[in-house]
Amino acid sequence: MSVLGAWLRVPEDLHARVPAEQRGPGRGRDAVRLLLSRGTEVSHHAFGELPSLLRAGDLLVVNTSRTLPAAVDGRIGHTRVVVHFSTRDADGRWAVELREPDGEGTTRARGGGPAGLTVRLPGHVPLVCEEPLAAQSGRLWWVRVGADVPALLRRHGRPIRYRYTDRDQPLDAHQTVFALPSADGSGSAEMPSAGRPFTAAMVAELVSRGVQFAPVTLHTGVASQEAHEPPYPEPFEVPETSARLINAARAGGGRVIAVGTTAVRAVESAAGADGVVRAAGGRTELVVTPERGVRVVDGLLTGLHEPEASHLLMLEAVAGRAAIERGYAEAVRRLYLWHEFGDVHLILRDENAHQEHCNGNSR
(Lines give C-alpha, C1' and ligand atoms only; values in the text may rest on other atoms or scores of the structure.)
Protein backbone atom coordinates (compact mmCIF):
# COMPACT_ATOMS: atom_id res chain seq x y z
CA MET A 1 0.00 0.00 0.00
CA SER A 2 1.15 3.51 -0.73
CA VAL A 3 1.84 5.68 2.30
CA LEU A 4 -1.03 7.93 1.20
CA GLY A 5 -3.53 5.23 2.09
CA ALA A 6 -2.64 5.61 5.74
CA TRP A 7 -4.01 9.14 6.08
CA LEU A 8 -5.94 10.33 3.04
CA ARG A 9 -9.57 9.49 2.39
CA VAL A 10 -11.49 10.71 -0.64
CA PRO A 11 -15.00 12.01 0.16
CA GLU A 12 -17.79 10.25 -1.73
CA ASP A 13 -18.94 13.49 -3.36
CA LEU A 14 -15.55 13.85 -5.11
CA HIS A 15 -16.05 10.73 -7.24
CA ALA A 16 -16.64 11.80 -10.86
CA ARG A 17 -19.89 10.07 -11.68
CA VAL A 18 -20.31 11.14 -15.32
CA PRO A 19 -17.95 12.44 -18.03
CA ALA A 20 -17.13 16.13 -18.05
CA GLU A 21 -19.21 16.80 -21.15
CA GLN A 22 -22.33 15.59 -19.30
CA ARG A 23 -21.88 17.86 -16.32
CA GLY A 24 -23.35 20.95 -17.95
CA PRO A 25 -24.46 22.43 -21.28
CA GLY A 26 -21.77 23.46 -23.72
CA ARG A 27 -19.03 21.51 -21.96
CA GLY A 28 -16.51 19.31 -23.74
CA ARG A 29 -14.40 16.45 -22.48
CA ASP A 30 -11.61 18.97 -21.91
CA ALA A 31 -13.72 20.85 -19.32
CA VAL A 32 -11.77 19.47 -16.37
CA ARG A 33 -9.41 21.04 -13.86
CA LEU A 34 -5.66 20.56 -13.80
CA LEU A 35 -3.64 20.44 -10.60
CA LEU A 36 0.04 21.20 -11.19
CA SER A 37 2.63 19.83 -8.76
CA ARG A 38 6.19 21.02 -9.28
CA GLY A 39 8.04 19.57 -6.36
CA THR A 40 5.95 20.47 -3.31
CA GLU A 41 4.63 23.65 -4.94
CA VAL A 42 1.10 23.37 -6.32
CA SER A 43 -1.03 25.58 -8.54
CA HIS A 44 -4.52 25.26 -9.97
CA HIS A 45 -5.50 25.53 -13.63
CA ALA A 46 -8.06 24.61 -16.25
CA PHE A 47 -6.97 21.79 -18.55
CA GLY A 48 -7.08 24.27 -21.44
CA GLU A 49 -4.04 25.96 -19.90
CA LEU A 50 -1.85 22.92 -20.51
CA PRO A 51 -0.05 24.44 -23.55
CA SER A 52 1.12 27.35 -21.41
CA LEU A 53 2.47 24.95 -18.77
CA LEU A 54 4.64 23.09 -21.27
CA ARG A 55 7.43 24.44 -23.46
CA ALA A 56 8.86 23.89 -26.91
CA GLY A 57 10.99 20.76 -26.95
CA ASP A 58 8.86 18.90 -24.40
CA LEU A 59 7.55 15.53 -25.48
CA LEU A 60 4.33 13.81 -24.43
CA VAL A 61 4.32 10.00 -24.43
CA VAL A 62 0.76 8.82 -25.16
CA ASN A 63 -0.89 5.41 -25.05
CA THR A 64 -2.71 4.46 -28.27
CA SER A 65 -4.57 1.47 -26.80
CA ARG A 66 -8.30 1.38 -27.50
CA THR A 67 -10.76 0.60 -24.73
CA LEU A 68 -12.63 -2.66 -25.22
CA PRO A 69 -16.30 -3.27 -24.42
CA ALA A 70 -14.88 -5.77 -21.96
CA ALA A 71 -17.92 -6.58 -19.77
CA VAL A 72 -20.17 -9.43 -20.91
CA ASP A 73 -23.14 -11.06 -19.16
CA GLY A 74 -23.03 -14.80 -18.56
CA ARG A 75 -24.58 -17.60 -16.55
CA ILE A 76 -23.30 -20.37 -14.34
CA GLY A 77 -26.27 -22.70 -14.39
CA HIS A 78 -29.15 -20.38 -13.50
CA THR A 79 -26.93 -17.84 -11.73
CA ARG A 80 -26.12 -14.58 -13.46
CA VAL A 81 -22.52 -13.39 -13.56
CA VAL A 82 -20.63 -10.64 -15.35
CA VAL A 83 -17.35 -11.50 -17.05
CA HIS A 84 -14.70 -8.78 -17.26
CA PHE A 85 -12.24 -9.69 -20.01
CA SER A 86 -8.79 -8.45 -19.04
CA THR A 87 -5.78 -9.66 -21.01
CA ARG A 88 -5.14 -12.08 -23.88
CA ASP A 89 -2.23 -14.49 -23.56
CA ALA A 90 0.03 -15.59 -26.41
CA ASP A 91 -1.58 -19.07 -26.31
CA GLY A 92 -5.06 -17.66 -27.00
CA ARG A 93 -6.35 -17.83 -23.44
CA TRP A 94 -7.82 -14.78 -21.74
CA ALA A 95 -7.46 -13.60 -18.17
CA VAL A 96 -10.92 -12.73 -16.88
CA GLU A 97 -12.56 -11.63 -13.66
CA LEU A 98 -15.91 -13.13 -12.73
CA ARG A 99 -18.19 -10.78 -10.81
CA GLU A 100 -21.78 -10.77 -9.54
CA PRO A 101 -24.45 -8.22 -10.50
CA ASP A 102 -25.21 -6.03 -7.49
CA GLY A 103 -28.74 -5.11 -8.53
CA GLU A 104 -27.77 -1.47 -9.12
CA GLY A 105 -26.26 -1.77 -12.58
CA THR A 106 -22.74 -2.49 -11.36
CA THR A 107 -21.03 -5.53 -9.86
CA ARG A 108 -19.37 -6.88 -6.72
CA ALA A 109 -16.45 -9.24 -6.24
CA ARG A 110 -17.10 -12.95 -6.66
CA GLY A 111 -13.82 -14.79 -7.17
CA GLY A 112 -12.97 -17.10 -10.05
CA GLY A 113 -12.90 -20.82 -10.64
CA PRO A 114 -12.80 -23.57 -9.70
CA ALA A 115 -10.90 -25.22 -12.54
CA GLY A 116 -13.33 -26.72 -15.02
CA LEU A 117 -16.12 -24.27 -14.20
CA THR A 118 -18.09 -23.39 -17.35
CA VAL A 119 -19.75 -20.03 -17.89
CA ARG A 120 -22.29 -19.70 -20.70
CA LEU A 121 -21.90 -16.47 -22.63
CA PRO A 122 -24.39 -14.97 -25.13
CA GLY A 123 -24.99 -17.20 -28.13
CA HIS A 124 -24.35 -20.29 -25.94
CA VAL A 125 -20.60 -19.67 -26.15
CA PRO A 126 -18.73 -21.63 -23.43
CA LEU A 127 -16.05 -20.10 -21.23
CA VAL A 128 -14.05 -22.67 -19.25
CA CYS A 129 -11.88 -21.71 -16.24
CA GLU A 130 -8.43 -23.34 -16.27
CA GLU A 131 -6.20 -21.87 -13.56
CA PRO A 132 -5.67 -18.68 -11.53
CA LEU A 133 -3.50 -16.02 -13.09
CA ALA A 134 -1.49 -15.79 -9.86
CA ALA A 135 -1.20 -18.43 -7.16
CA GLN A 136 -1.67 -15.87 -4.38
CA SER A 137 -4.92 -14.48 -5.82
CA GLY A 138 -8.02 -16.15 -7.19
CA ARG A 139 -9.49 -12.94 -8.61
CA LEU A 140 -8.29 -13.38 -12.19
CA TRP A 141 -8.39 -16.72 -14.00
CA TRP A 142 -7.04 -17.97 -17.29
CA VAL A 143 -9.95 -19.22 -19.39
CA ARG A 144 -10.61 -20.64 -22.83
CA VAL A 145 -13.52 -19.30 -24.82
CA GLY A 146 -15.27 -21.19 -27.60
CA ALA A 147 -15.47 -18.17 -29.91
CA ASP A 148 -13.46 -15.25 -31.22
CA VAL A 149 -13.37 -12.98 -28.17
CA PRO A 150 -12.91 -9.59 -29.93
CA ALA A 151 -15.91 -10.38 -32.14
CA LEU A 152 -17.89 -11.51 -29.08
CA LEU A 153 -17.08 -8.26 -27.28
CA ARG A 154 -18.04 -6.14 -30.28
CA ARG A 155 -21.42 -7.85 -30.45
CA HIS A 156 -22.31 -8.36 -26.78
CA GLY A 157 -19.87 -6.35 -24.67
CA ARG A 158 -20.09 -3.01 -22.94
CA PRO A 159 -17.48 -0.91 -21.14
CA ILE A 160 -16.68 -1.91 -17.58
CA ARG A 161 -18.54 0.28 -15.12
CA TYR A 162 -17.70 0.89 -11.47
CA ARG A 163 -19.94 1.69 -8.54
CA TYR A 164 -18.98 5.35 -8.26
CA THR A 165 -20.49 6.14 -11.70
CA ASP A 166 -24.16 6.95 -12.24
CA ARG A 167 -24.87 4.88 -15.34
CA ASP A 168 -23.42 2.96 -18.25
CA GLN A 169 -21.67 5.11 -20.84
CA PRO A 170 -21.27 4.46 -24.59
CA LEU A 171 -17.96 3.05 -25.71
CA ASP A 172 -16.98 6.37 -27.32
CA ALA A 173 -16.99 7.97 -23.88
CA HIS A 174 -14.23 5.55 -22.89
CA GLN A 175 -11.95 6.23 -25.88
CA THR A 176 -9.20 8.82 -26.06
CA VAL A 177 -8.24 10.93 -29.06
CA PHE A 178 -5.04 8.86 -29.28
CA ALA A 179 -6.76 5.45 -29.50
CA LEU A 180 -5.98 3.32 -32.56
CA PRO A 181 -7.43 -0.04 -33.59
CA SER A 182 -5.13 -3.04 -33.33
CA ALA A 183 -4.82 -5.68 -36.03
CA ASP A 184 -5.87 -8.52 -33.72
CA GLY A 185 -8.62 -6.69 -31.87
CA SER A 186 -6.63 -6.32 -28.65
CA GLY A 187 -7.13 -3.34 -26.41
CA SER A 188 -7.50 -2.21 -22.83
CA ALA A 189 -10.07 -3.49 -20.38
CA GLU A 190 -10.05 -0.04 -18.80
CA MET A 191 -9.53 3.30 -20.51
CA PRO A 192 -6.05 4.90 -20.45
CA SER A 193 -7.93 7.76 -18.87
CA ALA A 194 -5.19 10.37 -18.50
CA GLY A 195 -5.53 11.04 -22.21
CA ARG A 196 -9.29 11.49 -22.10
CA PRO A 197 -9.40 15.32 -21.77
CA PHE A 198 -7.29 15.83 -24.91
CA THR A 199 -9.09 16.98 -28.04
CA ALA A 200 -7.82 17.23 -31.60
CA ALA A 201 -7.73 21.01 -31.20
CA MET A 202 -5.57 20.72 -28.06
CA VAL A 203 -3.16 18.35 -29.82
CA ALA A 204 -2.87 20.76 -32.76
CA GLU A 205 -2.17 23.69 -30.45
CA LEU A 206 0.52 21.78 -28.57
CA VAL A 207 2.23 20.76 -31.81
CA SER A 208 2.09 24.36 -33.06
CA ARG A 209 3.96 25.38 -29.86
CA GLY A 210 6.73 22.87 -30.43
CA VAL A 211 5.52 20.08 -28.15
CA GLN A 212 5.99 16.63 -29.69
CA PHE A 213 4.09 13.37 -29.22
CA ALA A 214 5.53 9.85 -29.00
CA PRO A 215 2.93 7.07 -29.30
CA VAL A 216 3.37 3.83 -27.37
CA THR A 217 0.93 1.03 -26.63
CA LEU A 218 0.13 -0.73 -23.39
CA HIS A 219 -3.06 -2.76 -23.13
CA THR A 220 -4.12 -2.40 -19.53
CA GLY A 221 -6.08 -5.11 -17.80
CA VAL A 222 -8.76 -5.06 -15.13
CA ALA A 223 -7.69 -3.17 -12.04
CA SER A 224 -8.61 -4.48 -8.63
CA GLN A 225 -11.17 -2.20 -7.04
CA GLU A 226 -11.23 -4.19 -3.78
CA ALA A 227 -7.87 -5.88 -3.29
CA HIS A 228 -5.49 -3.20 -4.60
CA GLU A 229 -3.17 -5.78 -6.10
CA PRO A 230 0.02 -4.79 -7.90
CA PRO A 231 -0.13 -4.76 -11.70
CA TYR A 232 0.45 -8.03 -13.53
CA PRO A 233 2.16 -8.60 -16.93
CA GLU A 234 0.57 -6.57 -19.72
CA PRO A 235 1.24 -6.37 -23.48
CA PHE A 236 3.18 -3.30 -24.60
CA GLU A 237 5.05 -1.87 -27.57
CA VAL A 238 7.43 1.05 -27.92
CA PRO A 239 8.09 1.52 -31.65
CA GLU A 240 11.46 2.56 -33.03
CA THR A 241 10.24 6.01 -34.12
CA SER A 242 8.96 6.77 -30.61
CA ALA A 243 12.19 5.55 -29.01
CA ARG A 244 14.14 7.94 -31.25
CA LEU A 245 11.81 10.85 -30.41
CA ILE A 246 12.19 10.25 -26.68
CA ASN A 247 15.98 9.99 -26.85
CA ALA A 248 16.21 13.10 -29.04
CA ALA A 249 13.99 15.11 -26.67
CA ARG A 250 16.17 14.16 -23.71
CA ALA A 251 19.37 14.96 -25.59
CA GLY A 252 17.96 18.36 -26.55
CA GLY A 253 16.98 19.33 -23.02
CA GLY A 254 13.26 18.71 -23.43
CA ARG A 255 11.16 17.09 -20.74
CA VAL A 256 9.65 13.65 -21.34
CA ILE A 257 6.16 13.70 -19.83
CA ALA A 258 4.08 10.53 -19.82
CA VAL A 259 0.33 10.83 -20.29
CA GLY A 260 -0.84 8.22 -17.83
CA THR A 261 0.74 5.57 -15.66
CA THR A 262 0.39 3.09 -18.55
CA ALA A 263 2.68 5.25 -20.68
CA VAL A 264 5.22 5.35 -17.84
CA ARG A 265 5.17 1.57 -17.55
CA ALA A 266 5.65 1.13 -21.31
CA VAL A 267 8.50 3.59 -21.81
CA GLU A 268 10.33 2.61 -18.63
CA SER A 269 10.09 -1.03 -19.74
CA ALA A 270 11.94 -0.07 -22.92
CA ALA A 271 14.67 1.92 -21.15
CA GLY A 272 18.07 0.46 -20.39
CA ALA A 273 20.08 1.12 -17.26
CA ASP A 274 21.77 3.90 -19.24
CA GLY A 275 18.43 5.69 -19.69
CA VAL A 276 18.41 5.09 -23.45
CA VAL A 277 15.05 3.96 -24.82
CA ARG A 278 15.12 1.22 -27.45
CA ALA A 279 12.31 -0.27 -29.49
CA ALA A 280 10.72 -3.01 -27.43
CA GLY A 281 7.57 -5.07 -27.11
CA GLY A 282 6.06 -8.13 -25.55
CA ARG A 283 4.79 -8.35 -21.99
CA THR A 284 6.09 -6.14 -19.25
CA GLU A 285 6.23 -7.20 -15.61
CA LEU A 286 7.79 -3.90 -14.53
CA VAL A 287 6.41 -2.33 -11.38
CA VAL A 288 7.72 1.22 -10.97
CA THR A 289 8.39 2.01 -7.32
CA PRO A 290 10.39 4.69 -5.50
CA GLU A 291 13.08 2.07 -4.88
CA ARG A 292 13.38 1.28 -8.58
CA GLY A 293 12.96 4.90 -9.67
CA VAL A 294 12.42 6.18 -13.20
CA ARG A 295 15.08 6.37 -15.89
CA VAL A 296 13.34 8.38 -18.59
CA VAL A 297 10.26 10.35 -17.60
CA ASP A 298 10.53 13.82 -16.11
CA GLY A 299 6.85 14.22 -15.44
CA LEU A 300 3.46 12.58 -15.54
CA LEU A 301 -0.05 13.72 -16.45
CA THR A 302 -2.46 11.44 -14.64
CA GLY A 303 -5.88 11.18 -13.15
CA LEU A 304 -6.47 11.22 -9.42
CA HIS A 305 -6.37 7.69 -8.04
CA GLU A 306 -7.56 6.15 -4.80
CA PRO A 307 -4.89 6.54 -2.10
CA GLU A 308 -4.53 2.76 -1.71
CA ALA A 309 -3.81 2.15 -5.39
CA SER A 310 -0.41 0.57 -6.04
CA HIS A 311 0.39 2.92 -8.89
CA LEU A 312 0.67 5.80 -6.45
CA LEU A 313 4.08 4.30 -5.77
CA MET A 314 4.87 5.15 -9.39
CA LEU A 315 3.91 8.77 -8.77
CA GLU A 316 6.23 8.82 -5.79
CA ALA A 317 8.99 7.41 -8.01
CA VAL A 318 8.56 10.35 -10.40
CA ALA A 319 8.23 13.22 -7.93
CA GLY A 320 8.90 12.00 -4.41
CA ARG A 321 6.60 11.25 -1.51
CA ALA A 322 6.37 14.81 -0.20
CA ALA A 323 5.22 16.16 -3.56
CA ILE A 324 2.49 13.53 -3.93
CA GLU A 325 1.25 13.95 -0.37
CA ARG A 326 1.03 17.72 -0.84
CA GLY A 327 -0.67 17.42 -4.21
CA TYR A 328 -3.29 14.95 -3.04
CA ALA A 329 -4.06 16.93 0.09
CA GLU A 330 -4.59 20.01 -2.08
CA ALA A 331 -6.79 18.03 -4.49
CA VAL A 332 -9.10 17.04 -1.65
CA ARG A 333 -9.08 20.52 -0.14
CA ARG A 334 -9.92 22.16 -3.47
CA LEU A 335 -12.57 19.56 -4.36
CA TYR A 336 -10.97 18.00 -7.42
CA LEU A 337 -12.88 15.08 -8.94
CA TRP A 338 -11.47 11.56 -8.92
CA HIS A 339 -11.34 8.58 -11.32
CA GLU A 340 -11.46 8.19 -15.08
CA PHE A 341 -14.02 10.94 -15.70
CA GLY A 342 -12.45 13.32 -13.22
CA ASP A 343 -9.79 16.02 -13.12
CA VAL A 344 -6.10 15.57 -13.91
CA HIS A 345 -2.80 16.06 -12.12
CA LEU A 346 0.35 17.23 -13.89
CA ILE A 347 3.35 16.13 -11.85
CA LEU A 348 6.70 17.64 -12.76
CA ARG A 349 10.02 17.13 -11.08
CA ASP A 350 11.41 20.08 -9.17
CA GLU A 351 14.14 20.94 -11.67
CA ASN A 352 16.11 23.03 -9.19
CA ALA A 353 16.20 20.23 -6.64
CA HIS A 354 17.02 17.71 -9.37
CA GLN A 355 19.91 19.85 -10.60
CA GLU A 356 21.26 20.29 -7.06
CA HIS A 357 21.09 16.51 -6.60
CA CYS A 358 22.98 15.97 -9.87
CA ASN A 359 25.61 18.57 -8.93
CA GLY A 360 26.07 16.95 -5.54
CA ASN A 361 26.62 13.59 -7.17
CA SER A 362 29.24 15.04 -9.50
CA ARG A 363 31.41 16.46 -6.70
Side-chain angles (χ1 to χ4, degrees), residues 15 17 65-89 91-171 173-174 185-191 193 219-235 306 308-309 339-340:
H15 297 300
R17 303 190 182 281
S65 181
R66 286 182 64 82
T67 309
L68 298 174
V72 178
D73 293 322
R75 288 187 177 272
I76 301 173
H78 296 292
T79 302
R80 292 179 57 217
V81 296
V82 178
V83 182
H84 288 176
F85 283 85
S86 184
T87 305
R88 176 161 50 186
D89 200 10
D91 65 3
R93 298 188 300 175
W94 279 78
V96 307
E97 181 181 22
L98 300 183
R99 297 183 66 89
E100 297 177 347
D102 64 0
E104 299 179 1
T106 55
T107 61
R108 55 178 170 257
R110 175 195 179 276
L117 176 75
T118 297
V119 180
R120 292 291 171 183
L121 301 177
H124 304 287
V125 172
L127 176 155
V128 180
C129 295
E130 292 194 346
E131 60 182 336
L133 182 67
Q136 66 272 22
S137 172
R139 183 177 69 92
L140 292 168
W141 277 66
W142 288 117
V143 304
R144 292 206 180 266
V145 183
D148 177 68
V149 171
L152 177 78
L153 298 183
R154 287 194 299 271
R155 184 171 183 182
H156 298 290
R158 61 187 179 275
I160 291 173
R161 177 188 160 198
Y162 292 113
R163 287 191 298 272
Y164 50 77
T165 57
D166 280 350
R167 55 185 176 272
D168 286 342
Q169 295 291 337
L171 185 58
H174 292 263
S186 295
S188 289
E190 298 179 355
M191 172 176 51
S193 56
H219 298 314
T220 185
V222 177
S224 167
Q225 294 296 301
E226 293 89 12
H228 306 291
E229 300 161 358
Y232 47 85
E234 293 171 320
E306 289 286 7
E308 296 86 354
H339 303 303
E340 68 268 30

**Request:** Carefully, step by step, assess T220 and E234 under the rule side-chain contact (heavy atoms from CB on, under 4.5 Å).
**Result:** CA-CA 6 Å; T220 185; E234 293 171 320; 3.3 Å; yes
**Asked** Less than 4.5 Å apart, any side-chain heavy atom of H84 and any of E190?
**Response** no
**Item:** Validation row: H156, L121 side chains within 4.5 angstrom (heavy atoms)
**Value:** no
**Complete:** Interatomic distance, CG@L152 vs CG@L127, rounded to 0.5 Å, equals 9.0 Å
**Request:** Run the numbers on L98 and L117 for side-chain contact (heavy atoms from CB on, under 4.5 Å), then give the verdict.
**Result:** CA-CA 11 Å; L98 300 183; L117 176 75; 4.1 Å; yes
**Message:** Is any side-chain heavy atom of P126 closer than 4.5 Å to one of R120?
**Reply:** yes
**Asked** Any donor-acceptor pair under 3.5 Å linking the side chain of R161 with the backbone of D166?
**Response** yes
**Item:** Steps toward side-chain hydrogen bond (donor to acceptor under 3.5 Å, both in side chains) verdict (R88, S186)
**Value:** CA-CA 8 Å; R88 176 161 50 186; S186 295; 3.0 Å; yes
**Request:** Work out which heavy atom in D102 is nearest to a heavy atom in R108; give both atom names and the distance.
**Result:** CA-NH1, 3.3 Å
**Asked** Would the number of heavy atoms belonging to other residues, nucleotides or ligands and lying under 6.0 Å from CZ of R80 be above 12?
**Response** no
**Complete:** Residues H15 and Y164: closest non-hydrogen pair is CB-CB, 3.8 Å
**Fill in**
Rounded to the nearest 0.5 angstrom, the CZ-OG1 distance for R167 and T106 is 14.5 Å
**Passing option when E97 is tested against L140, L133, V82, T107 for side chain to side chain contact (heavy atoms under 4.5 Å, CB included)** = L140
**Message:** I want to check something: taking the side chain as every heavy atom from C-beta on, are I160 and R99 in contact at a cut-off of under 4.5 Å?
**Reply:** no
**Message:** Once rounded to the nearest 0.5 Å, what's the spacing between atom OG1 of T67 and atom CD of E340?
**Reply:** 9.5 Å
**Side-chain donor/acceptor of S86 to backbone N/O of G221, under 3.5 Å** = no
**Message:** Would you say the ring centers of H339 and Y162 fall short of 6.0 Å from each other?
**Reply:** no
**Request:** Any chance you could measure H219, atom NE2, to R66, atom CZ, to the nearest 0.5 Å?
**Result:** 11.5 Å
**Request:** Search all heavy atoms of P233 against all heavy atoms of T87 and return the closest pair with its distance.
**Result:** O-CG2, 4.4 Å
**Request:** Give the intermediate values and the outcome of side-chain contact (heavy atoms from CB on, under 4.5 Å) for residues F85 and V145.
**Result:** CA-CA 11 Å; F85 283 85; V145 183; 4.0 Å; yes
